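What follows is a set of notes on a single structure, which appears directly below.
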Amino acid sequence: QVQLVESGGGLVQPGGSLRLSCAASRSIFDIYAMGWYRQAPGKQRELVAYIISGGTTYYAESVKGRFTISRDNAENTVYLQMNSLKPEDAAVYYCNADPYGTGVRASWGQGTQVTVSS
């Protein structure tokens with residue numbers, strides 16, 4: 001039932017950085033897990049990273065060491081800091097929530113476009 005809005009995407013050169021934001025319509029304090037996904041043209045949506053309420057994080061191997069997911073309960077926002085961006089990172093990035101740890105997610109929003117090009 002939570003509404004999520006992604007922002008922060010844009011055009012960056014290889015090696016650049018972006019910080020994506022996922023703003024929730026209500027408190028995320030009691031949401032078990034929140035994650036970031038991405039989908040490139042012609043490819044399936046893939047999980048990039050997630051964070052659970054206790055602070056445990058997961059990263060896809062392709063972004064490990066370059067991306068950092070964080071959760072600010074006071075601001076009802078989840079962030080994805082993306083450093084050392086590569087052309088392969090170009091995609092539409094989406095966030096989603098698993099409020100009860102059951103695997104049932106909210107509806108997908110529009111996402112935010114990340115383009116990495118020189």
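Position 1 is the first residue of the sequence, and the numbers go up from there. Just so you know, these numbers come straight off a predicted model, no measurement behind them.
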Minimum heavy-atom distance between [X] and [Y], given as atom pair plus value:
X	Y	value
Ala91	Gln113	O-NE2, 3.4 Å
Pro14	Ser118	CD-N, 3.8 Å
Ala40	Ala90	CB-O, 3.8 Å

Nearest 0.5 angstrom please: [X] [atom1] to [Y] [atom2], how far?
X	Y	atom1	atom2	result
Arg19	Ser7	CZ	OG	10.5 Å
Gln81	Ser21	CD	OG	9.5 Å
Asn76	Ser27	CG	OG	5.0 Å

Mind checking what makes side-chain contact (heavy atoms from CB on, under 4.5 Å) contact with Asp98, not counting sequence neighbours?
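Checked Asp98 against side-chain contact (heavy atoms from CB on, under 4.5 Å); matches are Ala33, Thr102.
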
Among all residues two or more places apart in sequence or in another chain, which pass the side-chain contact (heavy atoms from CB on, under 4.5 Å) test with Tyr32?
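Only Ile52, Ser53 meet the side-chain contact (heavy atoms from CB on, under 4.5 Å) criterion with Tyr32.
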
Side chain to side chain contact (heavy atoms under 4.5 Å, CB included) assessment of Ser62 paired with Arg38:
CA-CA 12 Å; Ser62 59; Arg38 67 187 182 187; 3.4 Å; yes

Ignoring hydrogens and angles, tell me if any N or O in the side chain of [X] forms a donor-acceptor pair with the backbone of [Y] under 3.5 Å.
X	Y	result
Thr115	Leu11	no
Gln39	Gln44	no
Asn96	Ala106	yes

Flag side-chain contact, heavy atom, 4.5 Å: Tyr37 against Glu46
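They are not in contact (no side-chain heavy atoms under 4.5 Å apart), so the answer is no.
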
Measure the shortest side-chain to side-chain distance between Gln110 and Val92 over non-hydrogen atoms and say whether it is less than 4.5 angstrom.
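Contact flag for Gln110/Val92 side chains = no.
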
Could you please spell out the steps behind the side chain to side chain contact (heavy atoms under 4.5 Å, CB included) verdict for Thr77 and Arg71?
CA-CA 6 Å; Thr77 303; Arg71 180 171 179 163; over 6 Å; no

Please test Arg26 against Gln3 for side chain to side chain contact (heavy atoms under 4.5 Å, CB included), starting from the C-alpha separation and ending with a verdict.
CA-CA 8 Å; Arg26 66 171 179 85; Gln3 299 278 84; over 6 Å; no

If you group Ile, Leu, Val, Met, Phe, Trp and Tyr whenever their side-chain heavy atoms sit less than 4.5 Å apart, what else falls in with Leu20?
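Listed partners: Val2, Leu4, Val12, Leu18, Ile28, Ile31, Met34, Trp36, Val48, Ile51, Tyr59, Val63, Phe67, Ile69, Val78, Leu80, Met82, Leu85, Tyr93, Val114, Val116.
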
Is the distance from the ring center of Tyr58 to that of Tyr50 below 6.0 Å?
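Tyr58 vs Tyr50: aromatic centres under 6.0 Å.
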
